[in-house]
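Below is one structure, written out as structure tokens; the observations come after it.
Residue numbers start from 1 in every chain, and the chains themselves are labelled A, B, ... in the order their sequence lines are given, proteins ahead of strands.
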There are 2 protein chains.
Amino acid sequence: MTERAVVKAVEVVVWLRTLIHERTLLTGMRLPSERVISEQLQTSRVTTREALKMLETQGLIYRSNRRGWFVTPPRINYDPGRAMFFMEYVAEQGFKPFSHQISKKRVLADTALASLLSIEEGDSLVELKRVRGADNRPVYVETILLPERRLPGIYDHDLAHSVTTVLKEEYNKPCMNVELEVISSSLDKDAAEVLQAPVGYTSVEIHRVSRDAQGALVEYDVEHWRHDALKLKVEFNIRS
Amino acid sequence: MTERAVVKAVEVVVWLRTLIHERTLLTGMRLPSERVISEQLQTSRVTTREALKMLETQGLIYRSNRRGWFVTPPRINYDPGRAMFFMEYVAEQGFKPFSHQISKKRVLADTALASLLSIEEGDSLVELKRVRGADNRPVYVETILLPERRLPGIYDHDLAHSVTTVLKEEYNKPCMNVELEVISSSLDKDAAEVLQAPVGYTSVEIHRVSRDAQGALVEYDVEHWRHDALKLKVEFNIRS
DNA sequence: GCAACGCTTTGGTATAGACCAGAATTCCTG
DNA sequence: CAGGAATTCTGGTCTATACCAAAGCGTTGC
């Protein structure tokens, strides 16, 4: 045995994981407090916290600021290729979805944004921010940018519910083509606050560029998801 | 000011991030040791480590077992929709790619696997494991399953380089349709070892089901990526 | 020239203790 | 009994210290 017989933090991980798997701890339930776990398994609080953070990375548990650690609910299946709305597909999966608009304003495209979206520098964009979640738990924040020149009067439409619907029905511009970019990242202060997560919390960042049938950009969207709340599904045909 | 003026760990984060952004620390370079940083910023090693872990979550730095912390190289763009091979598209991005086969064997489909892949229980599958990376840094491990019944003699082909090519040229079964499932997760012991990362390291898990033009499954693939090495890109048309 | 050994440095793991901020609860008072 | 105040409980941050295992390096001896 060159290795230490056990790593204490892993011992704690295994203990808690067992409790969850054998359903002694159910989805949404609070775990025993850090101090109680430490005492129970004869370890220090630092070690216990390390174990909890491992389980958090695995997505098995999450914390709510100064309230405790909880068993993570199932992930939301998200398929950006389906022409459906958040409220619909989340409800379809048995959750109670919600969606709140945080802000709506005009911004001007700077150089970087202009080239990214292939529009003119200085063009006006409608910026929409919102949070969405399920069962009272916020799961992602998103910022949507809409080029006003291509979508005249878009600012005055009700965009709180479904931007896609407005684009399709009011502008006759259904989004036909989507470019996704997905990376694993971490929440900055603002996003963390909205998602009630700690700063630096692991996140999945999704950038989405949507184009109409003519190939013109009609929507640019950046989403920051809690990493443990998302199962991304995509289906497509190979371009050869 | 109800809040503490500064969080020490964040102070360390900012200090290091600045060094990286102003290119005092370049891609691939080793950071000062934890003890040196602690002394320099008048903080404890525990706090310094917390800061380092935050930067790791952000994907800015990574550690190599007991050797130190290093500045993360750029992410690899991975587009599963392009009919290209790892070696090609990685080289195209200016990296030196490598690919090593870990194992190749036959396995029998259990109930779960059979229903997942829509094949018969007990059917024989060829299981291929390999690691791939760039510039001497392993970035993902994958396990490929190939149904032998649909691909007679597949076991005896050279699969070390490109499974896609073999499927296309030897079996006349180019993969036409792909179903992706992406979640953020963490590395188990085996994967961590191969990727030279700590157990529990944040990872991106990609499941890929590929079908031929007739809709028959020809390849099932599970990939575990270092979270900081991947930028996933997908392009597709909306199914309405 | 190089292999073997041993010291130094690095991160990895763990402990004990302290204080803070905010959430939840209890208790007390009008 | 309602509303506000005090208390308790929870995680959040930080310090100081200790020992271990492996990587890296330098020295020594052939």
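The nearest whole Å value for the distance from the CG atom in B/Leu52 to the C1' atom in C/dT10 is 12 Å. Atom CZ of B/Arg49 is separated from atom C1' of D/dA16 by 16 Å (rounded to the nearest Å). Atom pair B/Arg30:CZ and D/dG24:P shows a separation of 10 Å (rounding to whole Å applied). The interatomic distance linking A/Asn65 (CG) with C/dC20 (P) rounds to 18 Å, in whole Å. Nucleotide D/dT15 holds its P atom 11 Å from the CG atom of B/Leu41, rounded to whole Å. Going from atom CD of B/Glu39 over to atom P of D/dT15 covers 14 Å, rounded to whole Å. Rounded to a whole Å, the CD atom of B/Gln42 is 9 Å from the P atom of D/dA16. Distance CH2 (A/Trp69) to P (C/dA23): 17 Å, rounded to an integer number of Å.
At the heavy-atom level, A/Arg63 lies under 4.0 Å from the strands shown only through sugar-phosphate atoms. Backbone-only contact: B/Thr43 has heavy atoms under 4.0 Å from sugar-phosphate atoms and none from a base. If you check every strand for non-hydrogen atoms under 4.0 Å, A/Ser44 touches a base.
When every heavy atom of B/Ala134 is checked against every heavy atom of B/Phe98, the shortest pair comes out as N-CE2, 3.8 Å. When all heavy atoms of B/Pro80 and B/Leu180 are compared, the pair lying nearest together is CG-CD1, 3.7 Å.
A cation-pi arrangement is present between B/Lys104 and B/Tyr155 under the rule of less than 6.0 angstrom and at most 45 degrees off the ring axis.
Among residues at least two apart or in separate chains, there is no ring-ring contact (aromatic ring centres under 6.0 Å, His included) pair with a member in residues 16-47 of chain A.
The base of C/dG11 sits within donor-acceptor range of the side chain of B/Arg35, with an N or O pair under 3.5 Å. Between the side chain of B/Arg67 and the base of D/dA23, no donor-acceptor pair under 3.5 Å is found. In terms of polar N and O atoms assigned as donor or acceptor, the side chain of B/Arg45 comes within less than 3.5 Å of the base of C/dG12 in a complementary pairing.
In this structure, A/Ser64 does not reach the C/dA23 phosphate: none of its side-chain N or O atoms is under 4.0 Å from OP1 or OP2.
Side-chain N/O atoms of A/Gln196 and A/Arg137 include no donor and acceptor closer than 3.5 Å.
Residue B/Glu223 forms a salt bridge (Lys or Arg N to Asp or Glu O under 4.0 Å) with just one option from B/Arg132, B/Arg130, B/Arg208, B/Lys129, and that option is B/Arg208.
Going from atom CG of A/Leu19 over to atom CG of A/Leu26 covers 11.0 Å, rounded to the nearest 0.5 Å.
Using a 30° and 60° split on the angle between ring planes, A/Tyr89 and A/Phe86 fall in the perpendicular class, above 60°.
Of the residues in residues 193-200 of chain B, not one places a heavy atom less than 4.0 Å from an atom of DNA chain D.
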Using the side-chain hydrogen bond (donor to acceptor under 3.5 Å, both in side chains) rule, take B/Asp228 and B/Tyr201 through it: C-alpha gap first, then chi angles, then the decisive distance, then the call. CA-CA 10 Å; B/Asp228 60 357; B/Tyr201 190 81; 3.0 Å; yes
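In the helix from C/dG1-D/dC30 to C/dG30-D/dC1, the end axes, each obtained as the rotation axis mapping the C1' atoms of four pairs onto the next four within a five-pair block, lie 0° apart to the nearest 10 degrees.
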